[in-house]
Amino acid sequence: MAGTGLANFFRNSLRRKSARRDVNRDAPPDESKSESARRPGERSHFCYSPGQFFFEYLVVVSLKKKSGGDYEPKIIYQFPKRENLLRGQKEEEERLLQAIPLFCFPDGNHWAPLTEYTSETFSFVLTNVDGSRKIGYCRRLLPVGRGPRFPEVFCIISCLGCFGLFSKILDEVEKRRQISMAVIYPFMQGLRESPFPAPGKTVTIKSFIPDSGTELIELTRPLDSWLEHVEFQALLQHLSPENILWLFASAVLERRIIFVAEELSVLSQCIHAVAALLYPFSWAHTYIPVVPECLIDTVCCPTPFMVGVQKRCLEQVLDQPMEEVLLVDLCEGKFLRSVGDERDILPAKLQTEMLTSLKMHNSNNNIQTSEQVNTHVSNTFVQFFVKTVGHYTSHLKWNKSGQGSFQEKAFCKAITSRSCRKFVKRFVRTQMFSLFIQEVERSRITQEGYFQQKVTEYQEQKKKQRRNS
C-alpha cells in the first residue's frame, strides 16, 4: 500500500477518529486508551517501563527512481528481520513499515542528487490501531561516496520517549555509517540486548570499531523522566514569550494548530515542546509533527489537531478549506492566522506571572544549560495548572468499592478568582482534562508524581501564609 493507497489509509484513520469523537465528546477516544493508563501527574505520551528494549526496528530509507522518472522513498535495510509473526502482528508490521518511508521523506519528490548535505535530526509519531504510539527518531545524512548522490535516513522505531538519548544513539550510528554499514549492525545488536535504563541510570554498550578498537558508550536516561521528551530551547528561539503563551492557551483549549518551518528538526522539536507544556495533561488528538506532502489535507480535519508543515507547502495549506485555526510561522516567529481571542483565554494575573517568568529566562539565556532551561520553562507552566486546577483532589467523592466521583460543580465554585473560574469552566470540557480525571477516579491511592508534589507544596505555602496573616 504505497503512495496514494497509503495516503488514503491515513485519511480514513483520521475520519474514524473524527467519527468516534463526534459520538461522545466527553469519552476518551480509542487511540488514547493506552495513554490514560498511567498515574495522574506522570507525564507520558508513551507507555513504557525500565527493562524494555531500546527499540523495535532500525530501518534505512533511501530515494529510489520510479518508472515515471519520479523518486519515492523505500526501505533498503531493516534490523531486525522478524519471523514467525502471527497474522495480526504481521499486518501491523506491514502497516508500520509502509508508513515509515513517507515520514522519513515528507518532502516528497523535491530532491536532486547532492555532493554536500548537513545531517538533520527529526522525529515523527505513529499511532497504532490499539492506540499505542511509536516514535520514529530520524537522522538524515549524505552517505559516503563520490559525486552527486541522494541522502538517506536512518530511522529508529521505538515506543520509548527520550529524544536526547536517541539523538546520542543516532550520533553513534552516523559515525559508524562513515566507516561502513557493516559496523552499525553489532552496535545496534548490543543496544537491543541492553535494557532501557530507569530514570537517572546509565547503560554501557560495548562496540568495536575498526582501527579504534572496542569503545564503551554510556547512555544515561535523564533523572526527571517527564522532561526527557523535549528541548524547550528550540521553542524559545523561534517564538516570543507572548506568542508562546497564546499558543499554549490555544493548545489548552484543544484547538487546531499548524506549525510551519523550513527545517524538519525545528518542526518536530517545537511541536514536542508545545505538547510538553500541557503537563500533567496530554494532547489526545491528531498529532503529526511533520505532515508528509501527500497528507496536507489533514489541515481540513474538523477535530483538534497539532501538526507541522514545511514552509514550501504553505501555499497549499492556505488553499485548503480550513476551519478556525492557529497558523504558527516558526521561521518568522509570528502567527499567520489566529482565532483572535488567544490573548484573552488565560487569566490575566497568571498570564502576567508566566510572561515575567519566561522573560526572566531570556535575560539569563547565555548562562543556562539545557536542563536548567527545561526545568525553568516547565515549572512556569506547571505552576499555572497548580494554581488553576490543583485543588481537584478536594472534590473527589469515593464509594465503598473505591470508585471515585469528581464533583465538577463544587470544583469550579471553589475558585474565588472570577477570571480563573471562567477559564477553568472552559478547560474542564476538554478531552485532556476528562482523561486526567477519569484516571484519578479509578484509584483512591494517593496520587504521586511531580505535579502532585508541586500541588502539595503550593497548598502548604498557602496554609503558612494564612497562619502568618
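Worth knowing before you read on, the calculation uses all heavy atoms, side chains too, and leaves out hydrogens, waters and symmetry mates.
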J.: Would you indicate whether the side-chain heavy atoms of Leu236 and Val377 approach each other to under 4.5 Å?
T.: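 Yes, side chains in contact.
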J.: Considering all heavy atoms of both residues, which atom of Leu346 and which atom of Leu245 are nearest to each other, and what is their separation?
T.: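 For Leu346 and Leu245, the tightest heavy-atom pair comes out as CD1-O, 3.9 Å.
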J.: Atom CE of Met354 and atom CG of Leu277: how far apart are they, to the nearest 0.5 Å?
T.: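 Spacing of CE (Met354) from CG (Leu277) equals 8.0 Å.
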J.: Any side-chain heavy atom of Lys387 sitting closer than 4.5 Å to one from Lys349?
T.: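 No, side chains not in contact.
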J.: Please test Phe154 against Glu174 for side-chain contact (heavy atoms from CB on, under 4.5 Å), starting from the C-alpha separation and ending with a verdict.
T.: CA-CA 8 Å; Phe154 284 77; Glu174 182 172 4; over 6 Å; no
J.: Determine whether Val153 and Phe105 make a side-chain contact, defined as any pair of heavy atoms from C-beta on separated by less than 4.5 Å.
T.: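 Val153 reaches Phe105 side chain to side chain.
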J.: Going by the side chain to side chain contact (heavy atoms under 4.5 Å, CB included) test, name the single residue among Ile157, Val291, Leu264, Val290 that passes it with Phe124.
T.: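 Answer to the side chain to side chain contact (heavy atoms under 4.5 Å, CB included) test with Phe124 among Ile157, Val291, Leu264, Val290: Ile157.
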J.: Find the distance between NE2 (His395) and CD1 (Ile437) and round it off to the nearest 0.5 Å.
T.: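 So the gap between those two atoms works out to 10.5 Å.
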J.: Using a strict 4.0 Å threshold on nitrogen-to-oxygen distance, state whether Arg426 and Glu254 make a salt bridge.
T.: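 No salt bridge links Arg426 with Glu254.
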J.: Would Arg192 pass as a cation-pi partner of Phe53, given that its NZ or CZ must be under 6.0 Å from the six-membered ring centre and within 45 degrees of the axis?
T.: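 So Arg192 does make the cation-pi contact.
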J.: By the definition ring pair (Phe, Tyr, Trp, His ring centres under 6.0 Å), identify the one residue from Phe433, Tyr392, Phe281 that meets it with Phe385.
T.: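 Exactly one pass, corresponding to Phe281.
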J.: Check whether Arg337 reaches the backbone of Leu327 with its side chain - one donor and one acceptor, N or O, closer than 3.5 Å.
T.: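 Looks like no, no N/O pair under 3.5 Å.
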J.: Identify the two heavy atoms, one from His272 and one from Ser123, that lie closest to each other, and give their separation to 0.1 Å.
T.: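 Here His272 and Ser123 meet closest at NE2-OG, 2.8 Å.
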J.: Do Glu242 and Arg343 sit within salt-bridge range, that is, some charged N less than 4.0 Å from a carboxylate O?
T.: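 Looking at Arg343 together with Glu242, the answer is no, because their closest N to O distance does not fall below 4.0 Å.
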J.: Please determine whether side-chain contact (heavy atoms from CB on, under 4.5 Å) holds for the pair Val260 and Glu332, giving the CA-CA distance in whole Å, both sets of side-chain angles, and the decisive distance to 0.1 Å.
T.: CA-CA 10 Å; Val260 177; Glu332 301 295 331; over 6 Å; no
J.: We want to know whether Thr118 and Glu120 form a side-chain donor-acceptor pair, criterion being a heavy-atom distance below 3.5 angstrom.
T.: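 Checked: Thr118/Glu120 side chains show no N/O donor-acceptor pair below 3.5 Å.
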J.: Carefully, step by step, assess Ile296 and Val317 under the rule side-chain contact (heavy atoms from CB on, under 4.5 Å).
T.: CA-CA 7 Å; Ile296 286 294; Val317 171; 4.2 Å; yes
J.: I need the minimum non-hydrogen distance between Glu293 and Asp107, along with the two atoms involved.
T.: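 Reported closest heavy-atom pair: OE1-O, 3.9 Å.
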J.: Just by distance, no angles: are the side chains of Ser370 and Gln233 close enough, under 3.5 Å, to form a donor-acceptor pair?
T.: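 No - no donor-acceptor pair under 3.5 Å links their side chains.
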J.: Parallel, tilted or perpendicular, judged at 30° and 60°: which one describes the rings of Phe427 and Phe423?
T.: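 Aromatic pair Phe427/Phe423 classed parallel.
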J.: Indicate the atoms forming the closest heavy-atom contact of His238 with Leu330, along with that distance.
T.: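 Where His238 meets Leu330 most closely, the heavy atoms are CD2-O, 3.2 Å.
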J.: Between atom CD of Glu353 and atom CG of Leu358, what is the distance when rounded to the nearest 0.5 Å?
T.: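 Taking CD in Glu353 and CG in Leu358, the distance rounds to 12.0 Å.
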J.: Quick one: does Asn243's side chain have a donor or acceptor within less than 3.5 Å of a partner on Gly333's backbone?
T.: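 Indeed, once roles are kept as given, a pair shorter than 3.5 Å links the two residues.
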J.: Kindly say whether the aromatic ring centers of Phe55 and Tyr137 come within a distance under 6.0 Å.
T.: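 When the ring centroids of Phe55 and Tyr137 are compared, they turn out to be at least 6.0 Å apart.
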J.: Nearest 0.5 Å, please: how far is CD in Glu231 from CZ in Phe163?
T.: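 One gets 10.5 Å once the value is rounded to the nearest 0.5 Å.
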J.: Between Gln372 and Thr375, is there a side-chain heavy-atom distance shorter than 4.5 Å?
T.: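 Thr375 does not reach Gln372 side chain to side chain.
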J.: When you measure from the side chain of Asp297 to the backbone of Gln320, do you find a donor-acceptor pair of N or O atoms at a distance under 3.5 Å?
T.: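 No, the answer is negative, given that no donor and acceptor are paired below the 3.5 Å cut-off.
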J.: Students often mix this up, so state it plainly: with edges at 30° and 60°, are the rings of Phe54 and Phe166 parallel, tilted or perpendicular?
T.: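 Aromatic pair Phe54/Phe166 classed perpendicular.
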J.: At their closest point, which heavy atom of Phe259 faces which heavy atom of Ile257, and how far apart are they?
T.: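 Minimum heavy-atom contact is CE1-CG2, 3.5 Å.
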J.: Consider only side-chain N and O atoms of Gln189 and Glu193, and report whether a donor and an acceptor are under 3.5 Å apart.
T.: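 On atom types as modelled, these side chains qualify, holding a pair under 3.5 Å.
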J.: Are side-chain heavy atoms of Leu216 and Lys206 found at a separation under 4.5 Å?
T.: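 With C-beta onward as the side chain, the pair touches.
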J.: With a 4.5 Å limit on heavy-atom distance, are the side chains of Arg256 and Cys301 in contact?
T.: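 No, every pair of side-chain atoms sits at 4.5 Å or beyond.
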J.: One thing to verify: whether Glu172 and Lys168 come together as a salt bridge, which I'm taking to mean a side-chain N less than 4.0 angstrom from a carboxylate O.
T.: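 No salt bridge links Lys168 with Glu172.
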J.: Start with the C-alpha distance between Phe436 and Val440, add both sets of side-chain angles, then the distance that settles side-chain contact (heavy atoms from CB on, under 4.5 Å), and finish with yes or no.
T.: CA-CA 6 Å; Phe436 180 85; Val440 170; 4.0 Å; yes
J.: Crowded around Lys422 NZ? As in, over 12 foreign heavy atoms under 6.0 Å?
T.: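 No, NZ of Lys422 has 12 or fewer neighbouring heavy atoms, counting only those of other groups under 6.0 Å.
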J.: Is it true that a side-chain atom of Glu408 and a backbone atom of Phe406 form a donor plus acceptor pair closer than 3.5 Å?
T.: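 No, Glu408 side chain to Phe406 backbone: no donor-acceptor pair under 3.5 Å.
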J.: What's the separation between atom CG in Leu247 and atom CZ in Arg255, rounded to the nearest 0.5 Å?
T.: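 If we round to the nearest 0.5 Å, Leu247:CG and Arg255:CZ are 11.5 Å apart.
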J.: So Thr393 and Val455, do their side chains get closer than 4.5 Å, heavy atoms only?
T.: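 Sidechains of Thr393 and Val455: no contact.
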J.: Can you find a side-chain donor-acceptor pair between His391 and Tyr458 that sits under 3.5 Å?
T.: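 No, because no side-chain N or O of His391 sits under 3.5 Å from a partner of the opposite role on Tyr458.
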J.: Heavy-atom distance under 4.5 Å between the side chains of Tyr279 and Phe451, does that happen here?
T.: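 A side-chain contact under 4.5 Å exists here.
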J.: Nearest 0.5 Å, what's the CG-CG distance between Leu58 and Leu191?
T.: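 The distance works out to 9.5 Å.
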J.: Between Val309 and Ile258, which heavy-atom pair has the shortest distance, and what is it?
T.: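 In this case the closest contact between Val309 and Ile258 is CG2-CG2, 4.0 Å.
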